[in-house]
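Just so it is clear: chains get the letters A, B, ... in the order the sequence lines come, proteins before strands, and each one is counted from 1.
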Amino acid sequence: VHPVLFNVYDQIRALGWNGAFTLLRDGVVLGSLYSLVALGYTMVYGILKLLNFAHGDVFMVGAFIGYGVLAQLGGPLAPALGLVPLLLVMFAVAMFGSGILGVVIERFAYRPLRNAPRIAPLISALGVVFFLESSVQLITNSTHSEYSNFPVFGPLFTPMFSVAGNPVTVVQVLVVLTAIGLMVALMFLVYRTKLGKAMRATSFDREAASMMGIDTDRVIAATFFIGSVLAGAAGVMYGLYLSDTYFFVGFLYGLKAFTAAVVGGIGSIPGAMLGGVLVGLVESYAGGYAGGQWKDIVVFGILILFLVLRPTGLLGARAIQKV
Amino acid sequence: MSETPGIPEPLEEPPKEEASRIGVDSWVAESEGRRARTPAVVLARGWANSPDSLKLLAFVALASSVPFWTNEGDLFIFGLFTLLYAALGLGLNVVVGFAGLLDLGYVAFYGIGAYTYAELSSSQYGIHWPAEATIPIAMAAAALVGVVLGFASRRLLGDYLAIVTLFLGQAFVFFTGVANPSIAGKGLTGGANGIPQLDPLTFFGYSLTSTKQLYYFLLIVVALLATALYFANQSRTGRAWRALREDPLAAEVMSIPVNRLKILAFVFGAAVAGLCGAIYAAIETAAVSTNFSVSVLIIIYAIVILGGFGSIAGVFIGAIVINCTFEFLEPQNDHPEVKRWLFYGTIVLLIALMKPWFRPLLVLAGTIAFGFAVHAIVASTTAAAWTSGAPVAGGKWLAQWAVIPTSSHGNFDNYLYIGLVVAIVCTASLKGWWRTIALVPTLYLTALAWENVLAQNGGVTAFILFGAMLIGLMASRPQGLLGTARVEIV
């Protein structure tokens, strides 16, 4: 038996129940972030059957917009706003900015390719990924932007309550509650409004929907906007919670969020939420028990297994594909 | 002799030029005939009609003359790496171009080749096998992983396949760079530092050490590869691949073994990548996991896509264009003036393609006038520091035309770049004459961004340009320079 497996066993014994709970807590918080990003993947896939690689980078840009607002308003020494209004402004600007970015990406990278061979939008998406990442690298000069440099966020990291001696901080509660709130809002939008109905119709059959008088281009743009708004919110929360933001963060987070979307069943909104939390938990436990260097490989391995064995995911509908 | 009634005169055959080719619509033929007078079309016709063997010979002849008119350093970065990328592009072209499978894990095979060579020809485990043994093993190792991947993902459709292969690529980078499991008392892959000090390529006791030797060796490899892949493409298998690319469902109905062909394409691509990886490791005398990241992937994709899916000649053109662009943009490059000429030259060329003919002239004249006007206004209203900076590589008139501050003025550079992106987005959404008018400030902004930000950060700029090129090509000419346009019948 490979020594890694012994280490895992020892690690489980050493951490005990308290350690297991800490990992559970971290996994759920991380998973809420993945869920929010995964929703964007799943919505776009549902409506266009398109894998929007660039979505992870929209998330990254959201984190940087949040940081930019912070740098303008909450200068390290003299914050212009109190904590709560500052957070509100950061979320609002980052969500709106990411939303606009998503619409622009759709307009220029995907709309001209509506009827192109399937490989074309994927390559275009690859182009968007590199364009966005390199642009941010150019603007930030490859530096890491740390939210934690701002003492104004100090109160966020105080314990709010504790479970069996394990503290749960304010920011962790904030992340999970915001994620749940946004998801409830999204469910309302998709299942209770006219736009949501149009989105579901377009996702079901684009051609038929446009014959029924739905402006499908507009619905698709709206889908990109909503998905990107969620990614922008996730970006700011990522910055608040994990602090370290740099240009390459979107690629890895995007991939993991995509894993979440696939595990939950791509195209299914509840599936993306479930998948996100699952991936967060797997990553957290793999990191805690097998060592940080293995966690990404474990997450990717699970994705490959899922894609090969059950490509429809946990909650996805079984699609019949002939080839 | 009287004419026999009942037997009509034989009809005169129509002249050769007017008869349309089989399978070509008469209207299309006519329109092609009308276009045939422009030099570009004549050139394209000549290219299409000349035999492929002649093209390869011409390329090899031209390429073998390169070492005689370049210095050692230029031969290394321009010559050697162009050939290496061409070889990589040829392999990727089999998977993406011939068979139409989006393989984003291609760099992993490249890395597997490099690491296999590194394990077998270095002091890592004290194994020093010669290249005639390690290169086939490297190819076989990559091909084996290709079989496994192809077998596992044989039922996956386009974008699922893309994501699984992308994950393979990521997992490979993590495995070699971070996980580094210890075997026989040593880290297998050397972690972030990789495996250093590899042996040079040694065939039957003869070592290839100088750049020139490596260059000619690589040239032979590339020529052989191109020939082999050309015949593979012409073969029964090649035709089946194309059928698979155009429509997998129809191919299956035609009793083409789709799954087996997919795996075969993966194996072909993986073996070529493994070969390139082994050679690359020997050139660099090290195998480091960061050299097999997605950045390399995007360069190879840019090459294949610029050249055109499924076109072997296109891969060569793509490799030359992309590698030379990339190397010229590198900050340590010692030809800074070439960088500028390439940049402005490409922009002027793109503008010159606009129709009608006077529009480009108006735009260029307008941009030049606009620049001098802006420079004059800025110079008269603000402090001298705003306009007294010097362009990167000399150029007196440029300093009078472009606003270049002496040192960084706060976030001026960033606002400039973001402004440029916004301006391009706005210009592209306008139509007709409005677009032409908006082009003037956009072009000026481009020049400003180039002189102030982009030229100094060449490595990053290269990836921005490649990304933009992929988006632009997909929207305007998805078949690339030399690929054949596909007609989607849905």
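- B:A162 approaches A:F53 most closely through the heavy-atom pair CB-CZ, 4.4 Å.
- For B:M474 against A:L113, the heavy-atom pair with the smallest separation is O-CD2, 3.1 Å.
- Dense packing is recorded around CZ of A:R114, with more than 12 heavy atoms of other residues, nucleotides or ligands lying under 6.0 Å away.
- Distance check, rounded to the nearest 0.5 Å: OG of A:S142 to CG of B:N457 gives 8.0 Å.
- Contact of the A:V299 side chain with the B:F167 side chain is not registered, since no non-hydrogen atoms from C-beta on lie closer than 4.5 Å.
- Using a 4.5 Å cut-off between heavy atoms, B:I305 contacts chain A through its side chain alone, with no backbone atom that close.
- Of the listed residues A:L126, A:N141, A:T140, the one with more heavy-atom pairs under 4.5 angstrom with chain B than any other is A:L126.
- Of all the listed residues (A:L138, A:L132, A:L51), the one sharing the greatest number of non-hydrogen pairs under 4.5 Å with chain B is A:L138.
- Looking at B:L473, there are no atoms closer than 4.5 Å to chain A (heavy atoms on both sides), in backbone or side chain.
- Contacts with chain A (heavy atom to heavy atom, under 4.5 Å) involve these residues of residues 460-469 of chain B, listed by number: B:V460, B:F463, B:I464, B:G467, B:A468.
- Proximity to chain B (any heavy atom under 4.5 Å) is shown, for A:I139, by both the backbone and the side chain.
- Heavy atoms of A:Y110 lying under 4.5 Å from chain B are absent altogether.
- Both the backbone and the side chain of A:V128 come within contact range of chain B, with heavy atoms under 4.5 Å apart.
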- Task: Kindly indicate, with the supporting measurements, whether the criterion side-chain contact (heavy atoms from CB on, under 4.5 Å) is fulfilled by A:V129 and B:V294.
- Result: CA-CA 11 Å; A:V129 167; B:V294 276; over 6 Å; no
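- Using a 4.5 Å cut-off between heavy atoms, B:L104 touches chain A through its side chain atoms alone.
- Annotation for B:R477: atom CZ counts as buried by contact number, over 12 foreign heavy atoms lying within 6.0 Å.
- Within residues 245-257 of chain A, the residues approaching chain B closer than 4.5 Å by heavy atoms are, in numerical order, A:F248, A:F251, A:L252, A:L255.
- Summarising the geometry, atom CZ belonging to A:F108 is positioned 4.0 Å from atom OG belonging to B:S429; distances are rounded to the nearest 0.5 Å.
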